[in-house]
Amino acid sequence: MRFTPPDGVLNLAQTLDCGQSFRFYPVTLENNIPAWRGVAFSRGLTVYQDENNDLVLDCTEQEFRDIWFDYFDFNTDYKKSREVLSALHPALKEAAEFAGGIRILKQEPFEALCSFIISQNNNIPRIKGIIERLCLHFGEPFLYHNETRYAFPTPKKLASCTPEDLAPLRAGFRAKYLIDAAKRIASGEIDLESVRKMPLPDAKAKLQTISGVGPKVADCALLYGLHRTECFPMDVWMKRAVSLLPRLSPADFSENAGIAQQYLFHYVRMHPELFK
DNA sequence: CGCCAGGTAGGTA
DNA sequence: TACCTACATGGC
């Protein structure tokens with residue numbers, strides 16, 4: 001089916017390959033059409049944009065309404081956010097013009113938490129590989145276009161694993177962190193939907209009780225998994241990027257902090273030479 | 001081959 | 001509080 005983004009904002013390459021989600025890969029369809037293919041919410045999806053930038057998806061209207069409309073966050077007006085951010089600072093305006101097609105995906109909370117546990121001291125291609133093997137070995141299989149695909153593992157399934165079980169992932173020291181996160185959630189000690197509703201400091205502190213979850217991973221889990229868009233995950237690259245914004249701090253971005261962060265992250269990542 | 005990666009835990013001063 | 005380092009692995 002086809003869909004026109006109400007706010008006119010969407011660049012699939014920027015959105016699906018900007019370090020927020022890790023399960024989509026570029027593919028080439030018949031007629032040489034470049035597209036993206038991946039898995040979320042236990043469903044496969046292949047998407048591309050036509051000459052009018054409309055979204056073309058291989059799903060029914062029903063499934064689009066149930067899953068993908070919300071996944072791509074089409075209820076939020078990104079044009080408005082981009083305008084607000086652009087007015088704050090010239091450097092932010094430049095980043096927004098460069099990466100203005102980014103939307104913040106509403107991912108599954110447990111998947112986002114695990115993804116960013118895996119991300120620590122790691123690079124994006126290898127993060128994607130580890131997550132792929134995690135799903136292959138421990139995720140529920142399903143059929144997509146007559147091929148077997150794998151959902152992201154449930155907390156219960158991962159909680160029953162030992163670090164030796166996770167050896168095929170080659171996740172290194174992060175394996176024990178994944179198991180701790182899964183156990184704490186499977187046991188009910190941490191309920192991510194409750195965390196979503198907490199005041200930000202409480203939510204962040206709660207997540208940081210998980211071994212392997214520090215301030216950066218907690219912010220990423222909150223932003224990408226629980227859609228707390230006032231979060232601004234701060235890593236080494238972002239610290240450099242923020243130095244471009246004198247007299248402006250992430251707190252000034254308010255509800256648009258996550259979007260600002262994603263603009264800046266993409267801009268910095270694509271211009272490494274400007275940031276030594 | 002060496003450097004480094006969307007950091008964090010555990011240790012020390 | 002403020003640093004210091006080990007950590008597993010492999011992309012480049």
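So you know, we letter chains A, B, ... as the sequences are listed, proteins then strands, and number each from 1.
The ring of H137(A) has its center no closer than 6.0 angstrom to the ring center of Y150(A). For an aromatic pair to be called close, the ring centres must be under 6.0 Å apart, and F22(A) with Y224(A) fails this.
For E61(A), the CD atom counts as loosely surrounded, since its 6.0 Å shell holds 12 or fewer non-hydrogen atoms of other residues, nucleotides or ligands.
Of the listed nucleotides (dT8(B), dC7(C), dA9(B)), dT8(B) has the atom at the smallest distance from the side chain of V217(A). Minimum atom distance to the side chain of R126(A) is reached by dT9(C), of the listed dA5(B), dT9(C), dG7(B). When distances are taken from the side chain of R174(A) to each of dT8(B), dA8(C), dA5(B), the shortest belongs to dA8(C). Checked against dA5(B), dC7(C), dG10(C), the side chain of N122(A) finds its nearest nucleotide in dA5(B). Ranking dG7(B), dT9(C), dG11(C) by closeness to the P125(A) side chain, first place goes to dG11(C).
Distances shown here put every side-chain N or O of K176(A) at or beyond 4.0 Å from the OP1 or OP2 atom of dA9(B).
Counting any heavy atom pair closer than 4.0 Å across all strands shown, F22(A) reaches no nucleic acid atom. Among the atoms of the strands shown, base atoms are found under 4.0 Å from some heavy atom of Q262(A).
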Checklist entry - Based on Watson-Crick and G-U pairs with both distances under 3.5 Å, what dot-bracket line describes DNA chain B 5' to 3', crossing pairs as [ ] and inter-strand pairs as |? => result .||||.|||||||

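Place I210(A) and Y224(A) on DNA chain B by their nearest nucleotides, and Y224(A) ends up nearer the 5' end. The 5' end of DNA chain B is approached more closely, in terms of each residue's nearest nucleotide, by S119(A) than by the other of S119(A) and V213(A).
The separation of dT8(B) from dG10(C), taken at their P atoms, amounts to 22 Å, rounded to a whole angstrom.
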Show me the side-chain donor-acceptor pairs of residues 189-205 of chain A shorter than 3.5 Å, one per line, residues at least two apart or across chains.
{"unit_1": "E189(A)", "atom_1": "OE1", "unit_2": "R184(A)", "atom_2": "NE", "d": "2.9"}
{"unit_1": "E189(A)", "atom_1": "OE2", "unit_2": "R184(A)", "atom_2": "NE", "d": "3.1"}
{"unit_1": "E189(A)", "atom_1": "OE2", "unit_2": "R184(A)", "atom_2": "NH2", "d": "3.2"}
{"unit_1": "D191(A)", "atom_1": "OD2", "unit_2": "S194(A)", "atom_2": "N", "d": "3.0"}
{"unit_1": "D191(A)", "atom_1": "OD2", "unit_2": "S194(A)", "atom_2": "OG", "d": "2.4"}
{"unit_1": "E193(A)", "atom_1": "OE1", "unit_2": "R196(A)", "atom_2": "NE", "d": "2.7"}
{"unit_1": "E193(A)", "atom_1": "OE1", "unit_2": "R196(A)", "atom_2": "NH2", "d": "3.3"}
{"unit_1": "E193(A)", "atom_1": "OE2", "unit_2": "R196(A)", "atom_2": "NH2", "d": "2.8"}
{"unit_1": "R196(A)", "atom_1": "NH1", "unit_2": "L226(A)", "atom_2": "O", "d": "3.0"}
{"unit_1": "K204(A)", "atom_1": "NZ", "unit_2": "D219(A)", "atom_2": "OD1", "d": "3.3"}
{"unit_1": "K204(A)", "atom_1": "NZ", "unit_2": "D219(A)", "atom_2": "OD2", "d": "3.2"}

